[in-house]
Number of protein chains: 2
Amino acid sequence: MTISEVSKRCNISPDTLRYYEKAGLLLDVNRTAGGIRDYTEQDCTQIEFVKCMRSAGLSVEVLRKYFELFKRGKHTLKARRDLLATERKALQERFLELQGTLKRLDYKISVYDQAIASKNKELKF
Amino acid sequence: MTISEVSKRCNISPDTLRYYEKAGLLLDVNRTAGGIRDYTEQDCTQIEFVKCMRSAGLSVEVLRKYFELFKRGKHTLKARRDLLATERKALQERFLELQGTLKRLDYKISVYDQAIASKNKELKF
DNA sequence: ATAGCAGTTGGAGTTAACTCCAAGTCAAGC
DNA sequence: GCTTGACTTGGAGTTAACTCCAACTGCTAT
């Protein structure tokens with residue numbers, strides 16, 4: 001698969017794909033004789049993983065560390081597991097915080113609806 | 001309350017408080033005769049609101065718009081309500097996405113635990 | 001064999017959201 | 001009246017994560 005095919009399929013720009021590779025977020029992408037990237041299905045799966053983790057808020061740096069550990073071989077299995085567990089915990093916290101903020105927004109919106117219903121009474125903020 | 005008191009209480013740096021004010025995220029903070037900011041309880045409540053929304057991912061720009069509408073008076077009540085509803089919807093989406101990512105991470109961690117238990121069998125990534 | 005297009009690189013530019021800095025002001029204590 | 005320390009300002013600097021650019025290469029179809 002060429003970079004533009006992967007770009008469309010994963011909805012990530014070619015520039016970002018090259019950036020991720022340079023940053024160490026992709027394990028050795030194959031090249032054609034002419035030097036053009038030739039992605040495999042496996043690469044795509046990995047790219048989807050990176051995309052998913054990135055949009056959940058894991059930093060490029062953390063993912064770089066993860067793949068760096070990966071390249072060092074299987075004696076880093078536990079280190080990788082722990083890295084993921086740490087990130088999972090942080091995510092869980094942000095998840096709960098988000099839940100609270102959603103509730104707060106719901107409440108605020110309901111207060112607005114009441115204010116609008118009661119002849120446009122102004123609020124504090 | 002001085003800026004450093006609010007800073008400690010809300011756990012936001014004085015620089016950020018000034019930045020938020022300049023960006024239009026705080027409604028008219030009082031000043032002493034000497035020109036020093038003198039925050040009220042009400043200001044603190046608003047700062048907490050801003051902090052909460054920021055850490056949920058609402059942009060400074062969106063919050064600026066919200067408070068700009070506020071300053072225009074009560075004929076903007078519906079516009080403000082709608083702005084909050086739009087942000088709430090986006091947040092809800094990110095919330096669900098995060099939930100999925102948490103599950104994915106849980107699964108991946110369990111796969112790691114199995115790999116470690118089965119004499120350190122290496123994974124794809 | 002040449003035009004055109006998709007790909008390559010290193011490096012510069014952009015954006016959001018702070019964060020820091022220098023130069024100045026002011027009130028309080030010695 | 002002078003030092004000290006917290007405050008003020010405008011503006012410059014920083015960081016993460018892209019995003020864009022110019023110059024170049026190498027297939028492919030005419």
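Just so it is clear: chains get the letters A, B, ... in the order the sequence lines come, proteins before strands, and each one is counted from 1.
Among the nucleotides C/dG7, D/dA17, C/dC18, the one closest to the side chain of A/Thr2 is C/dG7.
Because its NZ or CZ atom is both nearer than 6.0 Å to the ring centre of B/Phe49 and within 45° of the ring axis, A/Lys108 counts as a cation-pi partner of that residue. Judged by a 6.0 Å distance limit and a 45° cone about the ring axis, A/Arg80 is positioned over the six-membered ring of A/Phe70.
Here the P atom of nucleotide D/dA16 and the CG atom of A/Leu58 are 15 Å apart, to the nearest Å. Remark: C1' of D/dA17 and CG of A/Leu17 are 14 Å apart, rounded to the nearest angstrom. Note: OH (A/Tyr20) to P (D/dC18) measures 4 Å, nearest angstrom. Here C/dA6 presents its P atom at 9 Å from NZ of A/Lys8, a figure rounded to the nearest Å. When rounded to the nearest whole Å, the span between CD1 of A/Ile12 and P of D/dT19 equals 11 Å.
Note on B/Arg37: only backbone sugar-phosphate atoms sit closer than 4.0 angstrom, heavy atoms only; bases stay farther off.
Judged by closest nucleotide on DNA chain D, A/Ser13 is the one of A/Ala33 and A/Ser13 placed further toward the 5' end. Each of B/Glu5 and A/Asp15 was matched to the nucleotide of DNA chain D holding its nearest heavy atom; the match closer to the 5' end belongs to B/Glu5.
OP1 and OP2 of D/dA16 both lie 4.0 Å or more from every side-chain N or O belonging to A/Tyr19.
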